[in-house]
Amino acid sequence: MSFPPVAEQLAVLRRGIEAVVPEAELAQKLEKSLKTGVPLRVKYGIDPTGIDVHLGHTVPMRKIRQFQDFGHQAVIIIGNYTALVGDPSGRDQTRARLTQEQVETNAIDYLNQVGKVVDLSRAEVVRNGDWFGKMNFLDILNLCGKVTVAQLLTREDFAKRQAEEKAIYLHECLYPLMQAWDSVMVRADVELGGTEQLYSFMLARDLQRAHDLPQQIGMMTPILVGLDGIRRMGKSLGNYIGISEPPFEMMKKFMQLPDQCMRMYFELLTSLPMPEVEALLAGHPKVAKMELAKAVIGSYHPAGEATAAAERWQAEIGERSRPQDIAKFSVPADKLTDGQINADKLLLLTKLCASSSDARRAIAQGGVYLGEDKTVVPSHDTPVRVINGLLLWVGKKRVVQLEVG
RNA sequence: GGGGGAAUUCCAGAGUGGCCAAAUGGGCCAGACUGUAAAUCUGGUGGCUCUGCCUUCGUAGGUUCGAAUCCUACUUCCCCCA
């Protein structure tokens with residue numbers, strides 16, 4: 001096995017990384033593998049607790065891929081056992097626990113998605129249930145003997161919960177220990193994860209030393225902020241872009257991203273050289289955002305589709321022309337009187353509004369329009385003459401095309 | 001096992017007998033402004049046959065002219081002591 005020069009590897013691998021602990025050992029490890037021809041074992045663990053892999057998850061995953069492309073060994077750990085515990089990291093309350101069946105279903109789904117970033121054909125994929133499932137109580141006690149309660153409580157998330165008098169369950173305390181044990185079992189040289197994983201990463205080093213294994217280094221990726229530009233990208237926060245989303249959906253979301261997040265997104269989600277990124281950012285923000293969107297979308301969809309999505313966004317949204325696929329709604333003839341129906345009833349019927357109160361509100365605020373030229377509907381009891389092809393809008397985004405059924 | 005505290009509209013969180021469909025913030029929706037970005041500003045945010053009416057404040061009863069607010073029981077959650 002031959003590897004590119006260390007400096008070259010470092011330049012790519014260090015990009016967008018928040019911290020490497022210990023910093024110096026990364027270069028040393030790379031040196032050694034270059035000399036011996038033995039690839040580094042790069043560990044990344046995921047708990048199959050949810051389903052949608054979003055761009056936030058791809059940050060460490062992309063890093064794994066870069067290691068792979070340099071010839072190193074990716075080790076993906078499916079945390080089918082740790083998922084049963086629930087990672088307390090960064091949480092201010094206990095996670096809901098899952099059943100084994102849910103976990104397995106999620107795991108398969110997860111792998112399909114992970115495969116879009118990591119080359120699974122060259123990766124080792126293991127489940128930590130393979131070893132945790134075999135441990136007996138004595139083994140567990142031995143492991144527990146490595147950590148003191150005081151150490152555990154230095155973690156910010158636990159300390160915070162302790163201070164707020166919120167519950168900390170014993171099984172949650174075992175989580176970092178389990179994660180660290182994974183590193184021993186797979187003989188990890190490098191572990192990737194977010195900054196909140198620091199404690200587990202360090203614990204892994206302790207355990208590895210205790211077992212006379214080389215100690216892993218931790219590479220921590222920054223938290224990717226979500227579309228709101230403030231909070232971390234997360235499914236429950238509704239501020240994420242999923243990697244399985246259709247190109248146009250991704251495009252729309254990208255264009256909503258606050259400008260000041262672009263540098264971070266470029267750095268963490270694309271491989272565009274940073275000087276080029278700086279040049280783009282110096283230009284018009286809209287152009288830069290388009291490029292960002294195309295670059296990222298292009299890594300999950302064929303390049304042509306990314307471009308098409310960008311063009312469609314420009315036409316439909318940038319130039320305010322008619323959206324492409326407008327849902328059709330056929331108004332039953334028996335709802336009409338002389339071919340007409342009151343505006344609020346129509347909104348309710350088409351499900352554009354959830355209730356007639358909701359419909360009245362929308363109309364009162366001047367948010368309901370008719371036709372290509374978007375004539376404002378003035379009142380909730382304005383009769384609407386329904387003709388085939390008539391467009392009915394609520395706000396800028398919701399629209400249906402009517403027909404008489 | 002014993003003691004204490006809490007459950008409010010999407011979320012957080014006010015409200016302790018009438019002025020409460022319920023403050024405030026967040027989210028969301030609509031409007032203005034824009035690059036239909038973000039930020040900002042304005043308005044809205046239970047339902048209806050809508051200048052009025054109806055149903056909501058853990059569940060079920062009760063007190064009262066009147067209850068989210070008081071009483072009783074129950075359910076759930078949290079904390080402390082052992």
Side-chain angles (χ1 to χ4, degrees), chain A residues 91-97 158 160-169 172 225-241 248-266 280-294 296 309-324 326 335 337 341-370 372-382 391-399:
Chain A
R91 283 263 162 167
D92 52 10
Q93 51 186 302
T94 309
R95 275 179 198 253
R97 297 176 65 179
F158 280 154
K160 197 174 156 214
R161 273 207 248 167
Q162 182 81 350
E164 289 174 5
E165 305 192 328
K166 286 185 175 164
I168 300 171
Y169 286 92
E172 295 181 276
V225 297
L227 297 175
D228 54 17
I230 300 163
R231 296 171 301 177
R232 66 182 299 160
M233 184 175 282
K235 189 181 180 184
S236 56
L237 297 174
N239 60 355
Y240 71 104
I241 301 179
F248 187 57
E249 293 307 310
M250 292 173 100
M251 192 72 207
K252 282 194 283 193
K253 289 187 176 182
F254 265 113
M255 295 310 284
Q256 281 178 35
L257 185 74
D259 291 351
Q260 65 269 25
C261 299
M262 286 200 283
R263 179 173 280 103
M264 182 190 213
Y265 272 50
F266 269 118
L280 273 171
L281 292 176
H284 195 293
K286 188 180 167 188
V287 175
K289 210 173 287 178
M290 281 271 191
E291 289 308 312
L292 170 66
K294 280 195 275 186
V296 178
E311 282 165 7
R312 187 175 158 197
W313 185 90
Q314 183 56 32
E316 282 183 27
I317 297 170
E319 285 158 28
R320 309 187 187 205
S321 62
R322 259 173 75 156
Q324 247 179 37
I326 300 179
K335 300 283 185 191
T337 312
I341 180 170
N342 280 358
D344 59 344
K345 299 277 174 258
L346 186 59
L347 288 168
L348 186 61
L349 202 59
T350 54
K351 301 225 166 62
L352 244 30
C353 289
S355 66
S356 75
S357 298
D358 188 25
R360 286 177 187 225
R361 265 179 238 130
I363 294 167
Q365 300 194 113
V368 177
Y369 324 93
L370 282 173
E372 299 281 348
D373 54 352
K374 296 196 176 181
T375 312
V376 174
V377 175
S379 160
H380 69 89
D381 53 7
T382 302
L391 296 177
L392 175 66
W393 305 78
V394 177
K396 293 167 181 134
K397 292 160 200 154
R398 288 177 280 166
V399 59

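Throughout, a chain's letter reflects where its sequence line sits, starting with A, and its residues are numbered from 1. When reading the values below, keep in mind they use all heavy atoms of this one structure, side chains included, and skip hydrogens, waters and symmetry mates.
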- Task: Rounded to the nearest angstrom, tell me the gap between atom CZ in A:R398 and atom P in B:C29.
- Result: 8 Å
- Item | A:K396 NZ/CZ over A:Y369 ring centroid, <6.0 Å and within 45° of normal | no
- Message: I'd like the C1' distance from B:C41 over to B:U55, given in whole Å.
- Response: 35 Å
- For A:Q256, all residues meeting side chain to side chain donor-acceptor pair (under 3.5 Å), sequence neighbours excluded: none
- Give the rounded distance in Å between these two atoms: CG of A:L227 and C1' of B:A39. 16 Å
- Counterpart base for B:U24, defined by Watson-Crick or G-U wobble contacts under 3.5 Å: B:A12
- Residues forming a side chain to side chain donor-acceptor pair (under 3.5 Å) with A:N342, sequence neighbours excluded: none
- Message: Counting only heavy atoms from other residues, nucleotides and ligands, does the tally under 6.0 Å from CZ of A:R263 exceed 12?
- Response: no
- Task: Look through every strand shown and name the nucleotide pairing with B:A6 as Watson-Crick or G-U wobble, where both distances are under 3.5 Å.
- Result: B:U76
- Task: Write down the distance between CE (A:M251) and C1' (B:G35), rounded to a whole number of angstrom.
- Result: 13 Å
- Task: For each nucleotide in nucleotides 44-52 of chain B, reading 5' to 3', give B when a protein heavy atom comes within less than 4.0 Å of its base, S when such contact involves only the sugar-phosphate, and - otherwise.
- Result: SS-SBSB--
- Task: For nucleotides B:C10 and B:A23, find the distance between their P atoms and express it as a whole number of Å.
- Result: 13 Å
- Nearest-Å distance, CD1 (A:I317) to C1' (B:G35)? 12 Å
- Item | Identity of whatever pairs with B:U63 - Watson-Crick or G-U, under 3.5 angstrom | none
- Can you tell me, in whole Å, how much space there is between the P of B:G4 and that of B:G46? 39 Å
- Item | Counter-base of B:U56, judged by Watson-Crick or G-U geometry with both distances under 3.5 Å | none
- Rounded C1' spacing from B:G26 to B:U76 in Å: 26 Å
- Query: What does B:G1 pair with, Watson-Crick or G-U, if both distances are under 3.5 Å?
  - Reply: B:C81
- Task: Can you tell me, in whole Å, how much space there is between the P of B:A67 and that of B:U49?
- Result: 27 Å
- Item | Step-by-step side chain to side chain contact (heavy atoms under 4.5 Å, CB included) determination, A:N239 to A:R231 | CA-CA 8 Å; A:N239 60 355; A:R231 296 171 301 177; 4.2 Å; yes
- Message: What is the distance, to the nearest angstrom, from the OH atom on A:Y369 to the C1' atom on B:A30?
- Response: 8 Å
- Could you give the distance separating B:A32 and B:G66 at their P atoms, to the nearest angstrom? 49 Å
- Query: Considering heavy-atom distances to RNA chain B, does A:K397 or A:E316 have its closest nucleotide positioned more toward the 5' end?
  - Reply: A:K397
- Task: Pick the P atom in B:A39 and in B:A22, then give their distance to the nearest Å.
- Result: 29 Å
- Query: Looking only at atom C1', what distance separates B:A82 and B:A12, rounded to whole Å?
  - Reply: 35 Å
- Note on the structure: A:Y265 meets the side chain to side chain donor-acceptor pair (under 3.5 Å) criterion, sequence neighbours left out, with none
- Query: Does A:T375 have any side chain to side chain donor-acceptor pair (under 3.5 Å) partners at least two apart in sequence or in another chain, and if so, which?
  - Reply: A:D373
- Item | Residue matched to B:U42 through Watson-Crick or wobble contacts both under 3.5 angstrom | B:A30
- Query: Which is true for A:R231 with a 4.0 Å heavy-atom rule: it touches a base, it touches only sugar-phosphate, or it touches nothing?
  - Reply: nothing
- Task: Tell me which of A:H284 and A:D228 sits closer to the 5' end of RNA chain B, going by the nucleotide each one is nearest to.
- Result: A:H284
- Task: Calculate the interatomic distance between A:L257 atom CG and B:U36 atom P; express it in whole Å.
- Result: 16 Å
- Distance, rounded to the nearest Å, where A:M290 contributes CE and B:G35 contributes C1': 10 Å
Side-chain atoms of residues 282-293 of chain A: list all donor-acceptor pairs with protein atoms under 3.5 Å, sequence neighbours left out, distances to 0.1 Å.
from   : atom 1 : to     : atom 2 : distance (Å)
A:H284 : ND1    : A:K286 : N      : 2.9
A:K286 : NZ     : A:Q314 : OE1    : 3.3
A:K289 : NZ     : A:L257 : O      : 2.5
A:K289 : NZ     : A:D259 : OD1    : 2.7

- Message: Tell me if the NZ atom of A:K335 is crowded by more than 12 foreign heavy atoms within 6.0 Å.
- Response: no
- Query: Which is true for A:G395 with a 4.0 Å heavy-atom rule: it touches a base, it touches only sugar-phosphate, or it touches nothing?
  - Reply: sugar-phosphate
- Note on the structure: When both distances are under 3.5 Å in a Watson-Crick or G-U wobble arrangement, the nucleotide paired with B:C19 is none
- Task: Using a heavy-atom cut-off of under 4.0 Å over every strand shown, decide if A:Q314 touches base, sugar-phosphate, or nothing.
- Result: nothing
- Item | Nearest-angstrom distance from the residue atom CG of A:N239 to P of B:G27 | 12 Å
